[in-house]
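First comes the structure, then the notes that go with it.
Reminder, nothing fancy here: chain letters follow the sequence lines and each chain counts from 1. What's counted below: heavy atoms across the whole structure, side chains too, no hydrogens, waters or symmetry copies. Keep in mind that this is a model prediction, so the values were computed, not measured.
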Number of protein chains: 2
Amino acid sequence: MTETDPLLLQNFVPYLLNQAAEATSLDFQKYYKANYGMLRTEWRVLFHLGRYGSLTAKEICSRANIHKTKVSRAVVALEARRFLTRTEVAHDRRHEMLSLTPKGRAAFDDLVQEAKRYNTRLLSAFTEDERATVQRFLIRMADKA
Amino acid sequence: MTETDPLLLQNFVPYLLNQAAEATSLDFQKYYKANYGMLRTEWRVLFHLGRYGSLTAKEICSRANIHKTKVSRAVVALEARRFLTRTEVAHDRRHEMLSLTPKGRAAFDDLVQEAKRYNTRLLSAFTEDERATVQRFLIRMADKA
DNA sequence: TGTTGATAGTTACAAAAGCAACCAATAGCC
DNA sequence: GGCTATTGGTTGCTTTTGTAACTATCAACA
């Protein structure tokens, strides 16, 4: 991945990232779409609640880097299908605590298992060192592009 | 990036790829959007024509992994703004050869310069070895997720 | 030829994302 | 207290994407 001419798509980082992201996301999406009828944002919201406990919508926004309208709609959808519940916060009625229902928890547990399997498969051809390099790279790209 | 529990988002490849792809794409998009009013698909189509010469829409689809409806719409938009022209192919009137106009070529040249600068910046903190690892990784993810 | 099947590309409609305006509740400050 | 600004979240509208059906052209083989 040198910077010498001419620019090939194979060397252009945003392009490579997009191709890779799209391919893997679509692949994994098949699973949660088929089994839980979830959209990508919904799976992400579910994941955050499952992994980090009860959160407000705002906290999910900042942690997951998702716009509040997308989170709002995902929450509506997840609530409608009984994956999560909202509870008002006494001292500030603008907030709502979001938490998984048992059904949501079960879905989360299952999806995490599948995610791990999938992840392992994706990484199987790389050494621990290479994985570390890749992870560092991706985190840096995401951070400040 | 080990596979041991619990699954953290920092370890989940599709998530990392998405964050990185979105951040870098949006960043670069600012440039071609501001300067040429182009959408991402339009920039990609323009790039292919600039880099590989005249192509049919079909060829762009398969090379770039973009659905034909997206390409079709991008071509309409690029043609309307005089970045490319279509010419019928004599022996098979189903095809149309797409080629850049001088204006399209100029935009391509400029965008490639910018893309190179941007790419170089993205890669600046990594050694040649690390870049090779990352590239291999991304190509594999894109290929067979 | 003529019927059937594939291929290049477009169009029409539905799903999803992006953006801005909008409520309602709270905080800060006079 | 009362005015203004801020914050959490929702709604409505526009843009973009995804999907499927459609047109037109060509190929193949009876």
Side-chain angles (χ1 to χ4, degrees), chain A residues 18-19 21-23 25-27 29-30 32-34 36-46 48-49 54-81 84-99, chain B residues 18-19 21-23 25-27 29-30 32-34 36-46 48-49 54-81 84-99:
Chain A
N18 262 301
Q19 297 288 101
E22 213 163 298
S25 286
L26 251 87
D27 209 25
Q29 183 177 43
K30 280 184 206 150
Y32 56 74
K33 191 171 183 180
Y36 300 98
M38 281 186 205
L39 255 31
R40 194 185 304 179
T41 310
E42 294 164 24
W43 144 246
R44 289 227 253 157
V45 168
L46 185 93
H48 277 267
L49 291 175
S54 298
L55 300 168
T56 67
K58 183 65 203 289
E59 286 169 322
I60 296 178
C61 289
S62 50
R63 279 167 177 277
N65 246 319
I66 312 178
H67 195 271
K68 58 184 182 171
T69 60
K70 274 172 87 170
V71 169
S72 174
R73 282 170 181 139
V75 166
V76 168
L78 288 170
E79 191 191 25
R81 282 187 233 126
L84 62 77
T85 55
R86 324 187 193 211
T87 55
E88 290 204 347
V89 175
H91 66 281
D92 188 342
R93 291 207 317 260
R94 287 174 304 182
H95 296 72
E96 297 176 311
M97 256 344 203
L98 305 171
S99 6
Chain B
N18 262 300
Q19 296 289 101
E22 213 163 299
S25 287
L26 251 87
D27 209 23
Q29 183 175 42
K30 280 184 205 149
Y32 56 73
K33 192 170 184 180
Y36 301 97
M38 281 185 205
L39 256 30
R40 194 185 305 180
T41 310
E42 294 164 23
W43 144 246
R44 288 228 252 156
V45 167
L46 185 94
H48 277 266
L49 292 174
S54 298
L55 300 168
T56 66
K58 183 67 202 287
E59 286 169 324
I60 296 178
C61 289
S62 49
R63 278 167 177 276
N65 246 318
I66 312 177
H67 195 270
K68 58 184 183 172
T69 60
K70 274 173 89 169
V71 170
S72 174
R73 291 193 258 245
V75 166
V76 168
L78 288 170
E79 191 190 26
R81 282 188 233 125
L84 63 77
T85 55
R86 324 187 192 210
T87 56
E88 290 203 348
V89 176
H91 66 280
D92 188 342
R93 291 206 317 259
R94 287 172 306 180
H95 296 72
E96 297 176 312
M97 257 341 204
L98 304 171
S99 7

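Between B/S72 and C/dT10 there is a side-chain N or O to OP1 or OP2 distance below 4.0 Å. Look at A/R40 and you won't find any side-chain N or O under 4.0 angstrom from OP1 or OP2 of D/dG18. Residue A/K70 places at least one side-chain N or O closer than 4.0 Å to OP1 or OP2 of C/dG18.
Residue A/L26 contributes atom CG, which lies 8 Å from atom P of D/dT19 at whole-angstrom precision. One atom, CD of A/Q29, and another, P of C/dA15, lie 15 Å apart when rounded to the nearest Å. Distance B/E96 CD to D/dA24 C1': 12 Å, rounded to the nearest Å. As a whole-Å value, the separation of B/L98 CG from C/dG9 P is 7 Å. Straight-line distance from the NE2 atom of A/H91 to the C1' atom of D/dT7: 13 Å, rounded to whole Å. To the nearest angstrom, C1' of C/dG9 lies 15 Å from CE of B/M97. C/dG18 atom P lies 15 Å from atom NZ of B/K30, rounded to whole Å. One can place CG of A/D92 at 12 Å from C1' of D/dG9, the figure rounded to the nearest angstrom.
With rounding to the nearest 0.5 Å, the separation of NE2 in A/H67 from OG1 in A/T41 is 12.5 Å. In this structure, A/K70 NZ and A/L39 CG are separated by 9.5 Å, a value rounded to the nearest 0.5 Å. Taking CD of A/E59 as the reference point, atom CE of A/M97 lies at 5.5 Å (rounded to 0.5 Å).
Taking every heavy atom of both residues into account, A/V45 and A/A74 meet most closely at CG2-CB, 4.0 Å.
If you find the closest nucleotide of DNA chain C to B/K33 and to B/H95, the one lying nearer the 5' end belongs to B/H95. Residue order along DNA chain D, read from the 5' end via each residue's closest nucleotide, puts A/T56 first among A/E22 and A/T56.
Listed nucleotides: D/dT25, C/dA17, D/dG8. Nearest to the side chain of A/T41: C/dA17. Of the listed nucleotides (D/dT19, C/dA25, C/dC19), C/dC19 has the atom at the smallest distance from the side chain of A/H67. With C/dA17, D/dG12, C/dA12 as the choices, the nucleotide that has an atom nearest any side-chain atom of B/R73 turns out to be C/dA12. Listed nucleotides: C/dG9, D/dT10, C/dT10. Nearest to the side chain of B/K58: C/dG9. Of the candidate nucleotides D/dG9, C/dT26, D/dC26, D/dC26 has the atom nearest to the side chain of B/R93. Closest contact between the side chain of B/T69 and the listed nucleotides D/dT10, D/dA20, C/dA6 involves D/dA20.
The base of C/dT7 sits with one of its N or O atoms less than 3.5 Å from a complementary donor or acceptor on the side chain of B/R94.
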- Evaluate side-chain contact (heavy atoms from CB on, under 4.5 Å) for B/L46 paired with B/E42, printing each intermediate quantity in order. CA-CA 6 Å; B/L46 185 94; B/E42 294 164 23; over 6 Å; no
